[in-house]
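What follows is a short report on a single structure.
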Amino acid sequence: MKSKFILLDLDYTEFNNRVYLELTGRINGKKTVLLYDKFLPYFYVELSDESDADRIKQIKEGDFYVVSTEWLEKTIISEEKKLLRVYLNTPRAVKPIKSIIRKEIKSFVQIYEANIVFIKRFLVDNSFSMFSQYDIEYEKSEMESNYTQPCFFLKSIILSKEQQAYSPKVLSIDIETLSEGEEINPEKEPIIFVSLYSQSLQKAFTYQKYENPENFVEFCQSEKAMLERICECIKEQDADIITGYFSDGFDLPYISKRARIINASFQPGYDNSGIRVTGSSFKVAKIKGITHLDIYRFIRGIMNASIDSDSLSLAAVSRVLLGEEKHEADFDSFFKAWKNQESLNRFAAYNLQDSRLCYLLSEKIVPSIIELGKLSSLPAFQACRSSFSMLVESHLLKREKEFSMLSPPLPEESELRKRQRTSFEGAFVYQPSPGFYESLYVFDFRSLYPTIIVSHNISPETVNRSSKKKIDSPVEGVWFSQDKEGFIPYVLKDLIDARAEIKRKIASADDREKTILNARQYALKTVANATWGFFAYPLTGWYSYDCARSITAFGRHYITTIIDKLKKAGFSVIYSDTDSIFVCLDGKEEKSLMQEIDKINTELPGIMELNFEGKFSTGIFVSTKGTMTGAKKRYALMSQDGAISVKGFETIRRNWSEIGKEVQMKVLEMILSKKPNNEVESYIKDVVVKIRAKKIENRKMIITTQLKKPISEYESRAPHVAAAERLREAGKRAAPGTIISYIVCSEGKKIADKVRLPEECEQGDYDTDYYINNQILPSIEKIADVVGINAKELITKITQSSLDKFF
DNA sequence: TTTAGTCGGGG
DNA sequence: GTGTACGACTAAA
């Protein structure tokens, strides 16, 4: 039989001492299992005496044996070697047979690539990936199995020439538990709501009936019946992907545990298996045949750096990525309603909201996970949970065959120690002069480090090799051969070119294509930018101290050279960080600046290029605490359309009252839009007077801090600890992780004594001095200083004069 | 300033 | 699972 096949999941199993790959996917839309035995695990052995190959061929140890061997020419870094590829009957045989070869083969030198998991090996060798389409030949399988899906024996599989975009079916899940104690405990606390969200199903399930339920609520008889109903729905939905938010660490393990405790049957796997939870510190949950993607895991591992939010909670991430506010929960009132058998519609809506938000996030993020999986030949399940280094490692592994290369062996213990102790100089950051600037031109390098690697052919096999033509590193005694293109520059150039090509295509693509192309260029960018870091990552064979420190040294070299050139041409350079430069015209023409940049670009080597990033109408750079020198990485800019971007001011983060944040933002805005000093001063005066007059709403005075550990474990009584004590006295939960809200009130001596919960505090009963001196002043002092306003003096003066009025 | 330890998300 | 985990941030040294 022949057919088209969409690959969804990969696993392996053993029959009669022989490994079979288990490919799950769709044939004509129906989920099907295919068993395949034509791919075997292998590794490479280096021998000093080739005749020992015959002995290796004969190795057999219990159920494990060498199936066959072949000689191949491979390159390790820059050494060409003849290596014996040894095929085994099962992955389980690798470890024992490896140690037999080590011990018993006299001419044994080294083993290569013996640590690559079987499934990855299969994907990497064939450049296969999930959700791609294949032409397959298959036949009836005679093997006994407990698969719920049809099962066949696969005879051949090749990637289809024509790839049609496949949109996987996604189902999101979220649970609510009755957790009133200090800790969430699946042994005792039941699951009371479960919601499922997909294109065809949007429901919240519960087992306590109440009057007038919303139409998205479905009642079940008991917790057990509810879980079994959920399992049934998951099977009916027949999704390709199941997603949740922190579902690795919470939802799925909780369901699994709970099902066991209350004796509910929960076996959604295609072989009737349940949820498999592995890992201790970081749990991983797997369902056989459905790819489980924990959206939180991916955001934390990969997207974290590019997301501008103060936490990675579902609420914060939805706000940033979806522009949707999450309606926050009041669990106390939810639980009260549950106990008193009142309406649970609000609880149900909250529950459904979470799986809905997760579903919407999935629409944005799952394409990126899939494309990262395709690029580095990892199953989507792995791509979702991978670190940058794993993505790069796997991508390089896939590309090796284009260079007949193998991964260099991993470091020994002592070498690893040495690497971990080694550090090197990073990027260049220009010390700004604090002040207010107008007409700032910003330029930056597009992918600075990748373009340096490509332009100078930086690679482990080109560093310090004798060569006809070479380029010296700024690092003393280090050079790079230019005779032959290195592996890493070759791979990076390809990634950069592929991304440029996709960006061209995006312009004329329809919405559906755009989503995929965007995800693809994101994947290319992510892997390209992470690759240079591999040189500095101690746990890999690609580690190279000389490459790593040369790359940052080249970066510093080019950026400082350009700064000098611009200064010489009469422009003033205000700031620079790693790959960007901020320039002021200083009375010169914009045209001549652009000409200077063009000239700089013709002098830059290879594919390195300085781009015009944008023009900002105003900007301020502040000084560091107690000095006159400019602070690095702390500035605010206003673009020509009036949009403000703020970098590095800690006040924007939490732990500050609304009033502090508001005043800082307002003062920044006034200064950036060139309001005269007297207006700024009168605004500050106005705020201070209002605070003194108790006219600011209490709401804006609330300070929030997260309680990090149990109250009893705090040695010192910090304000938020004092607030947590009061919370507990009021009969509420104050467990680690709780966000404590409090107001500093006027009664008491120490700050901790003055702390009150917002509900205990009457309007205006806040400590005016505290808010003025600890919230307002520090948030604006440095900023006001830039335009010559002494905020401290100003505030003291206001205080004086209002005292004068008083007496 | 360097080092060890904890926490992240979830209810 | 043919291996092993991070990394940012804070409190203590």
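Letters A, B, ... mirror the listed sequences (proteins, then strands); counts begin at 1.
Taking atom CG of residue Leu539(A) and atom P of nucleotide dC6(C), one finds them 7 Å apart after rounding to whole Å. Between the CZ atom of Arg385(A) and the P atom of dG7(C) there is a distance of 18 Å, rounded to whole Å. To the nearest angstrom, P of dA5(C) lies 19 Å from CG of Leu391(A). The NZ atom of Lys283(A) sits 15 Å away from the P atom of dC7(B) (whole-angstrom rounding). If you take NZ of Lys98(A) and P of dG3(C), they are 6 Å apart, rounded to a whole angstrom. One can place OH of Tyr537(A) at 11 Å from C1' of dG3(C), the figure rounded to the nearest angstrom. Put simply, CG on Leu314(A) is 16 Å from P on dG8(B), counting in whole angstrom units. To the nearest angstrom, P of dG7(C) lies 10 Å from CZ of Arg300(A).
Stacking here means ring centres nearer than 5.5 Å and ring planes tilted less than 30 degrees, and by that measure Phe250(A) does not stack onto dG9(B).
Under the ring-ring contact (aromatic ring centres under 6.0 Å, His included) rule, Phe118(A) has a single partner from Phe39(A), Tyr20(A), Phe43(A), Tyr36(A), which is Phe39(A).
Closest to the side chain of Ala114(A), out of dT2(C), dG3(C), dG9(B), is dT2(C). When each of dG3(C), dG11(B), dG9(B) is scored by its nearest atom to the side-chain atoms of Phe331(A), the top-ranked nucleotide is dG11(B). Taking the side chain of Lys95(A) as heavy atoms from C-beta on, and the options dT2(C), dG11(B), dG3(C), the nearest nucleotide is dG3(C). For Val94(A), taking side-chain heavy atoms from C-beta onward, the closest of the listed nucleotides dG10(B), dT2(C), dG8(B) is dT2(C). Considering only the side chain of Asp354(A), dG11(B) comes nearest among dG9(B), dT2(C), dG11(B). For Asn115(A), the side-chain atoms get nearest to dG3(C) when compared with the rest of dG9(B), dG11(B), dG3(C). Among the nucleotides dT2(C), dG11(B), dG9(B), the one closest to the side chain of Phe335(A) is dG11(B).
Among the atoms of the strands shown, only primed sugar atoms or phosphate atoms (P, OP1, OP2) are found under 4.0 Å from some heavy atom of Ile175(A). Among the protein residues, Arg121(A) comes within range of the nucleic acid bases, having at least one heavy atom under 4.0 Å from a base atom. The residue Phe334(A) sits apart from the nucleic acid: no heavy atom pair falls under 4.0 Å. Backbone-only engagement by Thr177(A) is indicated by non-hydrogen atom pairs under 4.0 Å involving sugar-phosphate atoms exclusively. Residue Ile116(A) is in base contact, counting any heavy-atom pair closer than 4.0 Å across all strands shown. Contact annotation for Asn304(A): no contact, since no heavy-atom pair falls under 4.0 Å across all strands.
Nearest-nucleotide mapping onto DNA chain B: of Phe282(A) and Glu176(A), the residue sitting toward the 5' end is Phe282(A). Ranked by how close their nearest DNA chain C nucleotide is to the 5' end, Gly279(A) and Gln382(A) are led by Gln382(A).
Here the separation of dA5(C) from dC7(B), taken at their C1' atoms, is 16 Å to the nearest Å. dG7(C) and dG9(B) have their C1' atoms separated by 15 Å, given to the nearest Å. Separating the C1' atom of dG11(B) from that of dA8(C) is a span of 25 Å, rounded to the nearest Å.
Electrostatic pairing of Arg92(A) and Glu14(A) counts as a salt bridge here, judged by a charged N lying under 4.0 Å from a carboxylate O. Salt bridge Asp125(A)/Arg121(A): present, at least one basic N to carboxylate O contact under 4.0 Å.
Here the side chains of Lys286(A) and His292(A) are not in contact, with every heavy-atom distance at 4.5 Å or above. Thr540(A) has its side chain out of reach of Val392(A): every pair of non-hydrogen atoms, C-beta onward, lies at least 4.5 Å apart.
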Decide yes or no on ring pair (Phe, Tyr, Trp, His ring centres under 6.0 Å) for Trp338(A) and Tyr207(A), but give the supporting numbers first. CA-CA 11 Å; Trp338(A) 176 268; Tyr207(A) 57 93; 5.5 Å; yes
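Asn304(A) places no side-chain N or O within 3.5 Å of a backbone atom of Ile299(A) that could act as its donor or acceptor partner.
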